[in-house]
Chemist: 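Sharing a structure below in structure tokens format, with a few things to ask.
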Amino acid sequence: MQEFHLVILAIVVSFGFVFSYLAMKEHDLLKALALSSVQSTFFALGFYILAAPDIVLAYLAIAVGAYTASSSSR
């Protein structure tokens, strides 16, 4: 059962890195914001798999605040 969690964690974190890369390479800010929110969701899911719900809540709150601040400053 432990191996199953590690495989799922590796897949989730890999998708998070892929979406991070796509968000950095995107020139359209709205598309970059959407890709970055998908990346944040994958990393939050990774923290949940690691059984760290307190970090998930903090990460989501900070990510939502950062996305709101960055999109409103444009």
Side-chain angles (χ1 to χ4, degrees):
M1 192 64 167
Q2 182 76 14
E3 294 84 16
F4 178 72
H5 288 295
L6 290 177
V7 168
I8 296 297
L9 181 64
I11 291 170
V12 165
V13 170
S14 296
F15 277 124
F17 284 136
V18 167
F19 279 99
S20 295
Y21 176 76
L22 292 175
M24 288 189 302
K25 288 297 190 179
E26 185 61 49
H27 293 289
D28 184 16
L29 292 178
L30 189 59
K31 288 180 186 176
L33 183 67
L35 290 168
S36 186
S37 66
V38 172
Q39 167 263 330
S40 176
T41 304
F42 277 118
F43 283 149
L45 185 59
F47 285 132
Y48 180 75
I49 292 170
L50 289 172
D54 52 339
I55 296 184
V56 171
L57 293 174
Y59 181 75
L60 288 177
I62 292 169
V64 168
Y67 295 152
T68 304
S70 68
S71 65
S72 65
S73 66
R74 301 275 174 190

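Remember, it's a predicted structure, so these values are computed and weren't measured experimentally.
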Chemist: With clusters defined by side-chain heavy atoms of hydrophobic residues (ILVMFWY) lying less than 4.5 Å apart, directly or transitively, does M24 cluster with L30?
Modeler: no
Chemist: What's the separation between atom CD in Q39 and atom OG1 in T41, rounded to the nearest 0.5 Å?
Modeler: 8.5 Å
Chemist: Testing the basics here: between H5 and I49, what is the closest heavy-atom pair and its distance to 0.1 Å?
Modeler: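 Nearest heavy atoms, H5 then I49: O-CG2, 4.0 Å.
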Chemist: Check for me, please, whether L57 and Y48 land in the same ILVMFWY cluster - side-chain distances under 4.5 Å, paths through other members count.
Modeler: no
Chemist: Between F47 and I8, is there a shared hydrophobic cluster once you connect ILVMFWY residues whose side-chain heavy atoms come closer than 4.5 Å?
Modeler: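 In one cluster: yes.
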Chemist: Determine, using the 4.5 Å side-chain heavy-atom cutoff (strictly less than), whether V7 and L45 are members of one ILVMFWY cluster.
Modeler: yes
Chemist: Side chains of residues 10-23: which donor-acceptor pairs under 3.5 Å do they make with residues two or more places apart or in other chains?
Modeler:
from : atom 1 : to  : atom 2 : distance (Å)
S14  : OG     : A10 : O      : 2.7
S20  : OG     : G16 : O      : 2.9

Chemist: How many angstroms lie between CG in L33 and OG in S40, if you round to the nearest 0.5 Å?
Modeler: 10.5 Å
